[in-house]
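Heads up: the structure comes next, in structure tokens.
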Amino acid sequence: MKRKTGQDRSVTSKWRPATQAVRGGSARSEWGETSEALFLTSGYAYDCAEDAAARFRGDQKGMTYSRLQNPTVEMLEQRLALMEGAEAARCTASGMAAMTAVLLCQLKTGDHLVAARAMFGSCRWLTDTLLPKFGIEVTIVDGRDAHAWKAALKPNTRLFFLETPANPTLDIVDIRAVCDIAHEAGAQVVVDNAFASPVLQRPMEFGADIVAYSATKMMDGQGRVLAGAVVGTEDFILNTLLPFTRNTGPTLSAFNAWVVLKGLETLDLRVMRQSDNALKIARFLETRVPRLLYPNLPSHPQYQLAMRQMKAGGTILSIYLDGGRAQAHGLLDALELVDISNNIGDSRSLMTHPASTTHAGLSEEVRMEMGVTEGMLRLSVGLEDADDVIADFDQALRAVGL
Ligand SMILES: *Cc1c(COP(=O)(O)O)cnc(C)c1O
């Protein structure tokens with residue numbers, strides 16, 4: 001008989017990712033609601049004192065406190081694990097809470113981490129500023145160069161940490177090659193997959209051990225809430241991540257989890273359409289600016305690798321102007337439809353100047369090493385008609401003499 005409430009994972013795990021994004025993890029209450037219920041509660045009541053004791057001992061299933069468990073958050077966690085083809089997932093209050101927890105839950109004084117240099121600005125703050133404070137050694141490498149990962153290995157290397165495509169330079173890391181190097185040395189690999197989303201790239205298929213997300217980006221997809229997630233083996237999630245997050249408390253709110261659940265239902269549609277729009281806009285911009293980077297154009301130095309790992313080019317592109325900050329800011333100010341905003345993954349097209357915003361906290365030396373120059377602009381392509389975005393760029397480029 002078809003079950004009307006709850007879900008049997010042995011059945012649901014057979015569904016394809018686009019089905020998981022709509023239905024994975026749904027657990028209906030006794031009311032049989034079609035849309036997931038929003039459980040705004042911080043605590044749970046017990047039928048008797050012995051039930052409370054049993055639940056705290058772990059002898060009885062059930063929830064005890066929303067820093068530890070919440071039905072709405074749990075639906076999102078199960079959906080994300082199913083979409084990724086992973087054993088388990090846990091959500092956090094933001095993408096940075098996920099990245100911080102992933103690193104601090106398993107690294108200790110004396111351990112060594114190797115990280116790619118082209119990463120989200122706050123991820124570089126974790127590797128360059130936070131971890132060294134606790135005596136954790138960090139080596140930064142050019143993530144595109146597999147030999148550099150290998151050369152960085154030390155006897156105490158515990159983790160590799162990377163992002164691909166990377167923000168905002170769109171560097172591509174060969175996930176399979178880098179995972180093979182790590183595993184041979186007994187290290188594990190964490191991939192920040194926020195840019196691609198599980199629709200375009202599932203890093204575990206190439207050997208990644210842990211995948212971390214800013215769900216604020218494509219997963220919400222409409223610029224409403226902050227959220228994060230960590231996906232991995234049941235052993236890692238239950239025995240390494242959970243003791244850290246349950247006690248330190250970077251918990252995702254039930255409301256934000258519910259918003260992301262709704263966002264996931266349209267994730268496949270949005271990512272594919274926004275990637276189509278990005279390709280169309282990139283082809284136009286390439287004829288008008290000195291240099292453009294988009295993973296799905298043959299002009300991208302790692303085009304072949306990008307297209308082996310990703311189902312489409314993604315929603316982000318970067319352009320480089322010759323006129324430095326003045327011309328870059330001039331272009332931003334001349335845009336009428338595209339918003340000036342440092343967020344990404346929204347249904348609205350958003351553009352930012354990384355050197356003076358998202359990556360302003362890094363030293364100029366680090367920015368130059370990463371390729372974040374004064375003439376660089378990053379565009380997050382939305383769901384508008386691509387021709388309207390192209391028309392907006394056409395007039396704005398003219399305004400700055402291009
Ligand atoms: C946005 C982002 C983060 C941080 O996520 P928040 O939800 O803003 O905390 C981390 N990594 C990448 C690649 C991002 O784009």
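Numbering of ligands and ligand atoms starts at 1, following listing order. Because the structure is predicted, anything quoted here is derived from the model rather than measured.
Note on residues 297-310: pairs passing side chain to side chain donor-acceptor pair (under 3.5 Å), not counting sequence neighbours, are E286-S299.
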Extract all N/O-N/O pairs under 3.5 Å that connect ligand 1 to the protein, and present each with both atom names and the distance rounded to 0.1 Å.
| residue | atom | partner | partner atom | Å |
| --- | --- | --- | --- | --- |
| ligand 1 | 5 (O) | S214 | OG | 3.0 |
| ligand 1 | 7 (O) | G95 | N | 2.8 |
| ligand 1 | 7 (O) | S214 | OG | 2.8 |
| ligand 1 | 7 (O) | T216 | OG1 | 2.6 |
| ligand 1 | 9 (O) | G95 | N | 3.1 |
| ligand 1 | 9 (O) | M96 | N | 2.8 |
| ligand 1 | 11 (N) | D192 | OD2 | 2.6 |
| ligand 1 | 15 (O) | K217 | NZ | 2.7 |

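Looking at residues two or more places apart in sequence or on another chain, you find no ring pair (Phe, Tyr, Trp, His ring centres under 6.0 Å) involving H359. Residues satisfying the ring pair (Phe, Tyr, Trp, His ring centres under 6.0 Å) criterion with F393, sequence neighbours excluded, are absent altogether.
A 4.5 Å side-chain heavy-atom check between S380 and M351 finds every atom pair outside the cut-off.
Other residues, nucleotides and ligands contribute more than 12 heavy atoms inside 6.0 Å of the NE2 atom of H183.
Y44 and S66 are linked by a side-chain donor-acceptor pair at a separation below 3.5 angstrom, with hydrogens and angles left out of the test.
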